[in-house]
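For reference, the structure is listed below as structure tokens.
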Amino acid sequence: MAGDSDRKRLGSEKDEVSAKRVKKEEDIANNPYLAHMQQDNTMENGSRYSDRLPKGSPFADFERRATTAKQAAKAEEGDNNPFTGEPHSPQYFNILKSRRDLPVHKQRAEFLEMYHKSQILVFVGETGSGKTTQIPQYVLYDELPQLNNKLVACTQPRRVAAMSVAQRVADELDVTLGEEVGYSIRFEDKTGPKTVLKYMTDGMLLREAMHDHMMSRYSCIILDEAHERTLATDILMALLKQLAQRRSDLKIIVMSATLDAQKFQKYFYEAPLLAVPGRTHPVEIYYTPEAEKDYVEAAIRTVLQIHASEPEGDILLFLTGEEEIEDTCRKISLEVDDMIREADCGPMMVYPLYGTLPPHQQQKIFDPAPKPLKKDGKPGRKCIISTNIAETSLTIDGIVYVVDPGFSKQKIYNPRIRVESLLVSAISKASAQQRAGRAGRTKPGKCFRLYTEKAFKEELIEQTYPEILRSNLANTVLELKKLGVEDLVHFDLMDPPAPETMMRALEELNYLACLDDEGELTQLGSMASEFPLDPALAVMLISSPEFYCSNEILSITSLLSVPNIFVRPANRRREADEMKNQFRHPEGDHLTMLNVYHAFKGAEGRGEDVKQWCHQHYLSHRHLKSADNVRTQLRRIMETHEVELVGTDYNDKNYYANIRRALVAGFFMQVAKREGNGKVYRTMKDNNQAVMLHPSTVLQTDYEWVLYNEFVLTTKQYIRTVTGIKPEWLLDIAPVYYDISTWDGQTDVKAALKGVQEKMRRRAAMKATR
DNA sequence: GAGCACTGC
């Protein structure tokens with residue numbers, strides 16, 4: 001008995017002590033006048049923080065945030081690893097030698113001086129400068145986060161980069177990945193209690209910030225590739241700018257590759273700037289004397305000309321999309337065959353490259369160029385025809401010639417009709433430079449721009465518009481609210497979006513009941529922000545227990561969060577469509593996808609070879625697996641927030657109706673009504689667009705009212721992934737949005753809804769009298 | 001009767 005209560009008391013005392021310590025750390029962190037106390041070498045229990053260092057570590061003599069490049073160099077050259085105390089491997093010294101050859105190495109002392117003097121630093125390093133791997137290590141040797149129970153974070157826009165850079169830096173520091181150096185990305189946290197340097201995606205840091213507004217785990221945050229201006233980077237920049245004033249102990253480094261560093265500098269209160277040259281080879285630029293009418297045709301001509309007359313070296317051609325790329329691949333291959341026959345040309349392998357290409361096919365671009373056809377024959381080369389993916393995400397060594405027609409598909413957002421769409425648009429000067437740079441990675445190269453020099457100078461914009469200016473911001477606004485940003489209008493973003501876009505987002509969130517009429521986050525909104533989903537999907541998922549089908553809605557939500565699960569090869573369209581028909585549900589595409597998922601899980605449960613099964617049924621195994629992965633993540637979040645996992649019995653006559661009603665709870669704003677008896681539908685309210693059902697839909701029954709997941713703007717306006725609904729449900733489930741009395745225009749839709757309302761009233765009255 | 005720039009949580 002006594003022992004029990006003792007334990008309890010001890011426990012609570014310990015809690016108090018640690019709470020006090022946390023409080024104290026917070027106080028110091030928050031109070032600029034206490035900043036000098038940061039170097040507190042004694043812990044509560046009297047032991048020294050430096051006891052956390054391995055015996056004999058040179059770090060013991062380091063004064064945090066006052067070290068020199070010389071000290072660091074000496075520590076790096078020691079026999080033992082200053083982090084682990086273990087002897088350095090021979091490999092370590094080889095890598096160290098190559099690290100010292102990087103351009104950034106020469107400026108370590110200068111960097112440290114600036115780092116010591118300033119809270120925020122802008123760092124510009126072109127490709128090949130070594131900034132991504134070296135700067136975080138320089139910081140680590142000066143910051144010594146292990147003595148302070150903190151971490152250094154370095155963000156990346158892409159997962160692969162976070163993973164591969166972390167591995168590289170772990171090797172450079174001679175430590176195991178996941179121990180001192182780790183990474184954190186969606187679905188995978190490879191960090192541990194010893195981690196002092198963490199590479200992570202920018203989106204991941206943003207997620208963390210939602211629960212820790214002070215970002216208190218970090219003593220230094222490095223935003224890498226800031227010039228890419230992803231949504232997450234832009235928000236992080238604004239948050240960190242704000243946070244810097246409340247946390248004087250927090251250091252911030254913004255790293256960028258382009259020369260518009262002044263913009264970053266100005267934004268961060270004239271922060272000091274350090275620029276390091278890159279290491280690339282010169283690239284000669286050629287322009288066309290006159291504008292080209294057909295850029296694809298011009299591109300093919302240019303590639304063939306290079307192949308016929310330029311010395312050895314691979315070619316990279318930038319085009320805009322899958323179809324264009326596949327088509328051009330075929331045309332070029334055919335032409336090359338002719339050239340070999342007629343002109344004794346060397347062989348050329350042509351590879352397509354785009355995001356939705358399966359990974360093993362993407363890998364092919366790294367195959368070596370083909371050998372000459374005969375001994376002493378002309379050398380072979382490869383030609384890669386790629387989307388923008390080769391501009392930033394993928395680097396291919398050996399490219400000597402770049403062909404740049406000057407276009408790419410870009411996302412644009414029209415707040416008037418609330419539609420995001422892809423549009424082939426002219427690239428920016430910065431993009432053009434980036435593309436040209438791809439020719440000079442291994443030796444001097446050439447870039448052929450299929451536009452005039454005048455067009456380059458006068459028509460191309462300097463930088464691609466940041467993502468935040470091209471997106472629907474409903475999700476972003478919800479995140480910001482959750483991040484504790486009260487005043488959105490005065491939130492200091494580097495490029496503030498159009499007020500109309502902001503208004504649209506607020507309005508959408510208000511209809512979804514994520515924000516109240518005062519614009520404050522509701523309980524539903526707070527919960528919705530916890531899910532890595534668009535607000536409509538999150539609201540649908542959270543509401544689904546009310547419709548007794550959260551289990552099914554969870555599956556549907558996951559399926560909607562991954563790329564298309566149906567595969568339709570160009571030469572097997574009929575077979576693919578027949579297979580899809582096996583899963584068809586007459587009431588719509590959402591239910592058809594659910595059928596597929598159930599069949600997939602069934603095959604898995606029976607122990608079948610699911611990869612084979614997917615192949616036979618023209619389904620994407622990769623995307624179904626990934627939906628399953630998402631489902632697990634979402635289910636966990638549901639559990640933490642006590643969103644019940646329930647389902648209606650499959651044999652219940654309401655099984656499918658319940659699911660369709662739950663869809664309405666999230667997507668009541670994405671509804672279209674058929675006009676007359678034709679094929680044209682019209683979307684609701686101010687959206688008010690004439691649309692057609694996308695040809696891929698399974699919907700055959702003539703539904704007058706449909707709900708859709710996606711609005712696609714191509715040659716025509718389509719709605720894709722469509723399910724039939726009843727108008728009664730709209731009035732029932734979304735009465736505020738479908739309040740006819742506050743509805744302008746669309747008299748026919750209003751009249752129809754009025755009729756439905758009457759019918760519902762009559763039915764209710766009849767029920768009451770019975 | 002058509003498509004899917006890219007990324008991220």
Check: What integer distance in Å separates A/Lys482:NZ from B/dC9:P?
Finding: 19 Å

Margin query: With nearest nucleotide decided by heavy atoms, which residue, A/Arg158 or A/Leu713, maps closer to the 5′ end of DNA chain B?
Written below: A/Leu713

Check: Do the rings of A/Phe456 and A/Tyr451 sit parallel, tilted or perpendicular, given the 30° and 60° boundaries?
Finding: parallel

Next item on the list: Could you please name the option among B/dC6, B/dA2, B/dG8 that lies closest to any side-chain atom of A/Asn475?
Entry: B/dG8

Next item on the list: Starting from C1' on B/dC6, measure out to CD on A/Gln362 and report it in whole angstrom.
Entry: 11 Å

Check: Is it the case that A/Tyr465 and A/Gln410 place a side-chain donor and acceptor less than 3.5 Å from each other?
Finding: no

Notebook entry, point to check: The side chain of A/His694 lies closest to which of these nucleotides: B/dA2, B/dC9, B/dG8?
Noted result: B/dA2

Notebook entry, point to check: How is A/Thr201 classified with respect to the nucleic acid when contacts are heavy atoms under 4.0 Å: base, sugar-phosphate, or nothing?
Noted result: sugar-phosphate

Note to self: Tell me the interatomic distance from A/Leu357, atom CG, to B/dT7, atom P, rounded to whole angstroms.
What the structure shows: 12 Å

Next item on the list: Answer with base, sugar-phosphate or nothing: what part of the nucleic acid does A/Leu231 contact at a heavy-atom distance below 4.0 Å?
Entry: nothing

Checklist line | Selected nucleotide, minimal atom distance to A/Glu467 side chain, candidates B/dT7, B/dC9, B/dC4 | finding: B/dT7

Next item on the list: Mind checking A/Thr387 for me? I need base, sugar-phosphate or nothing, with any heavy atom below 4.0 Å counting as a touch.
Entry: sugar-phosphate

Next item on the list: For A/Asp212 and B/dC9, give me the distance from atom CG to atom P, rounded to whole Å.
Entry: 19 Å

Next item on the list: Decide whether a cation-pi geometry holds between A/Arg572 and A/Tyr618; the criteria are a distance under 6.0 Å from NZ or CZ to the six-membered ring centre and an angle within 45° of the ring axis.
Entry: no

Checklist line | A/Met527 CE - B/dC9 P separation (whole Å) | finding: 23 Å

Item checked: Axial cation check for A/Tyr351 ring with A/Lys364, 6.0 Å and 45° limits -> no

Next item on the list: Round to the nearest Å and state the distance from A/Met692 atom CE to B/dA2 atom P.
Entry: 8 Å

Notebook entry, point to check: Out of B/dT7, B/dG3, B/dC9, which has the shortest distance to the side chain of A/Tyr718?
Noted result: B/dG3

Next item on the list: Indicate, with a heavy-atom threshold strictly under 4.0 Å, whether A/Arg568 touches base, sugar-phosphate, or nothing.
Entry: base

Check: Quick one: which of B/dG8, B/dC4, B/dA2 gets closest to the side chain of A/Lys716?
Finding: B/dA2

Margin query: Check the phosphate of B/dG1 against A/Lys679, side-chain N and O only, distance under 4.0 Å to OP1 or OP2. Yes or no?
Written below: yes

Check: Roughly how many Å is it from CG in A/Asp202 to C1' in B/dT7, rounded to a whole number?
Finding: 9 Å

Notebook entry, point to check: Does a nitrogen or oxygen in the side chain of A/Arg159 sit under 4.0 Å from OP1 or OP2 of B/dC9?
Noted result: yes

Notebook entry, point to check: Just checking, any donor-acceptor pair under 3.5 angstrom between side chains of A/Gln463 and A/Arg229?
Noted result: no

Notebook entry, point to check: What does A/Gln410 touch in the nucleic acid at a heavy-atom separation under 4.0 angstrom: a base, only the sugar-phosphate, or nothing?
Noted result: nothing

Notebook entry, point to check: Taking for each residue the nucleotide of DNA chain B with the nearest heavy atom, is it A/Thr320 or A/Arg207 whose nucleotide lies nearer the 5' end?
Noted result: A/Thr320

Next item on the list: Give the intermediate values and the outcome of side chain to side chain donor-acceptor pair (under 3.5 Å) for residues A/Arg435 and A/Asn388.
Entry: CA-CA 9 Å; A/Arg435 287 179 172 191; A/Asn388 255 1; 2.9 Å; yes

Item checked: Nucleotide B/dG1, atom C1' - distance to CZ of A/Arg573 in whole Å -> 10 Å

Notebook entry, point to check: In terms of side-chain heavy atoms of A/Thr714, which of B/dG3, B/dC4, B/dG8 is nearest?
Noted result: B/dG3

Margin query: Quick check for you: among B/dA2, B/dC9, B/dT7, whose closest atom lies nearest to any side-chain atom of A/Ile389?
Written below: B/dT7

